[in-house]
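Inspection log for the structure reproduced underneath, given as structure tokens.
Counting starts at 1 for both ligands and their atoms, in listed order. Values reported hereafter were calculated over all heavy atoms of this structure, with side chains retained and with hydrogens, waters and symmetry mates removed.
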Amino acid sequence: MRISCKAPAKVIISGEHSVVYGYPALVAAVDVYSRVIVETIDEFGPHEICSEKYGIGKVIGGALSGPSALKPLAKIINVFNESESFRGKLKVRVSSDIPPASGMGSSASISVALAYALLKIVYDDPPEEKVFKLAMEGERVAHANPSGVDVIAAIKGGLILFVKDKGFEKLEAGSGIFLLADSGMERNTREMVLKVASLKEKEPDLFNITMRSISDITVKISRVLQSDMIEAGKLMTLNHLLLSLLGVSNSRLDSIVWTSISSGAYGAKLTGAGGGGCVLILVDEKSLSQVEEALKSINVKSRVLKTVETGVRLEELD
Ligand code: PMV
């Protein structure tokens, strides 16, 4: 049996970091994808993982031999093997158009595509809760204490208001244009999440006020995104300032935010864990090219994002 799946990337419009502590996050699935092909082979032996980016690994008796970047995938394969009634060998091929370490949820997208493909071996229609649970096994290896926001976006698609351990609501997309600007700086989600956790220890009052404010902003943006771009943009910029207070911005990200706003964007903020990665910019048709030009002048590449309504799905094999 051969199964091919693809799952989308995501951008967080508001609520990164605070979502880890039980506050809401607003996230959109976007039109960049990871792909996983799973082949079942009717014999015993190590499972094989072949990743376009990281190379080849073998999973033998629960342990991975190969590049450590493949550990999250090995974990998913092991948990699947132990919990479902599959006996045999798996060959897994992984490729992704999502830049790694950019804040677009590349690891979650791969984990979701793999979890879905594996569960498809034993279920005609893999239950979403099972896909979520299995993909989170990989995410827990990749990051410290993941909220699940990236995973839910890759599974469901569309625009989602998500609260960890509680659930999510699907919302209608707005009419504004989202531009994604790449700082060119790789970052590490685990490091950033731990940095925020240490602020919680050292300065609990500042931490709590900031978290509550980000939460209010997230809910407010989810209500105005469809109707009031000016307000949504200002709230995004305010969110960026609060993320800076948490210590996850830097001068490169700040300069992308201010360049965008001064050239006509409604608002802008870092997206994802911060410390590098991307800036999400809200613009309209009129100011789009001006903002793109201004970003080029500071050597920043940007691309217009398209929200996609469908999450993980099967793909035809050639
Ligand atoms: O690093 P990213 O883009 O996958 O975003 C992580 C979002 C955080 O809120 C920082 C962590 C999480 O698990 O929600």
Side-chain angles (χ1 to χ4, degrees), residues 7-30 32-34 69 72 96-113 132-133 135-156 160-168 178 180-200 207 210-215 217-218 221 236 239-240 242-250 253 256 269-280 305 311:
K10 65 90 191 54
V11 286
I12 297 179
I13 297 170
S14 185
E16 47 275 272
H17 290 290
S18 50
V19 68
V20 172
Y21 299 90
Y23 296 101
L26 185 63
V27 62
V30 295
V32 193
Y33 291 91
S34 299
S96 182
D97 295 331
I98 308 169
S102 67
M104 292 182 74
S106 106
S107 72
S109 156
I110 294 171
S111 293
V112 166
F132 184 85
K133 247 180 115 188
M136 284 296 281
E137 294 285 350
E139 282 295 274
R140 271 192 280 275
V141 175
H143 305 302
N145 191 19
S147 65
V149 64
D150 300 14
V151 170
I152 204 76
I155 293 176
K156 299 298 298 179
I160 290 175
L161 190 63
F162 169 82
V163 181
K164 181 183 171 184
D165 300 331
K166 294 239 163 64
F168 64 90
F178 280 117
L180 193 70
D182 190 349
S183 70
M185 296 167 74
E186 286 205 357
R187 92 274 110 84
N188 182 308
T189 299
R190 176 183 280 269
E191 237 171 59
M192 291 296 123
V193 168
L194 293 176
K195 188 169 187 186
V196 173
S198 83
L199 183 75
K200 181 176 191 266
F207 175 87
T210 311
M211 289 289 151
R212 282 199 297 270
S213 307
I214 293 178
S215 171
I217 288 169
T218 302
I221 295 179
M236 280 174 60
N239 188 340
H240 179 78
L242 291 166
L243 286 164
S244 306
L245 260 185
L246 290 179
V248 298
S249 188
N250 58 35
L253 295 171
I256 296 173
K269 63 177 276 292
L270 70 86
T271 181
C278 294
V279 169
L280 185 66
L305 291 177

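Contacts of Thr218 classified as side-chain hydrogen bond (donor to acceptor under 3.5 Å, both in side chains), with partners at least two apart in sequence or in another chain: Ser14. For Lys156, the salt bridge (charged side-chain N to carboxylate O under 4.0 Å, His left out) test picks out Glu128, with sequence neighbours left out.
Looking at Cys278, Ser147, Ser18, it is Ser147 that brings a heavy atom closest to atom 13 (O) of ligand 1. Considering only non-hydrogen atoms, atom 5 (O) of ligand 1 lies nearest to Ala273 out of Ser102, Gly105, Ala273. For atom 6 (C) of ligand 1, the nearest non-hydrogen atom from the set Val193, Thr189, Val248 comes from Thr189. Scanning Ile12, Val20, Val11, Val196 for the heavy atom closest to atom 7 (C) of ligand 1 points to Ile12.
With rounding to the nearest 0.5 angstrom, the CG atom of Leu246 is 12.5 Å from the NZ atom of Lys200. In this structure, Asn239 CG and Ser215 OG are separated by 10.5 Å, a value rounded to the nearest 0.5 Å.
For the pair Ser106 (side chain) and Pro99 (backbone), a donor-acceptor distance under 3.5 Å is absent. Side chain of Lys164 to main chain of Val20: a donor-acceptor pair is present (N/O by atom type, distance under 3.5 Å, no hydrogens or angles).
Remark: ligand 1 atoms within the under-4.0 Å shell around heavy atoms of Val19 are 9 (O), 14 (O). Ligand-side atoms of ligand 1 in range of Gly272: 3 (O), 5 (O), range being under 4.0 angstrom from any heavy atom. Near Glu16, meaning under 4.0 Å from one of its heavy atoms, ligand 1 places the atoms 9 (O). Residue Val149 approaches ligand 1 through these ligand atoms, each under 4.0 Å from one of its heavy atoms: 14 (O).
With a 4.0 Å cut-off on non-hydrogen atoms, Lys10 touches ligand 1 through its side chain and not its backbone.
Close N/O approach between Gly103 and ligand 1 is found [any backbone or side-chain N/O within under 3.5 Å]. Backbone and side-chain nitrogen or oxygen atoms of Arg187 are examined, and one is located within less than 3.5 angstrom of a nitrogen or oxygen of ligand 1.
A 4.5 Å side-chain heavy-atom check between Cys278 and Thr271 finds at least one atom pair inside the cut-off.
Using cut-offs of 30° and 60° for the angle between ring planes, the Phe207 and Tyr21 rings count as perpendicular.
Within the 4.0 Å heavy-atom shell around ligand 1 one finds His17.
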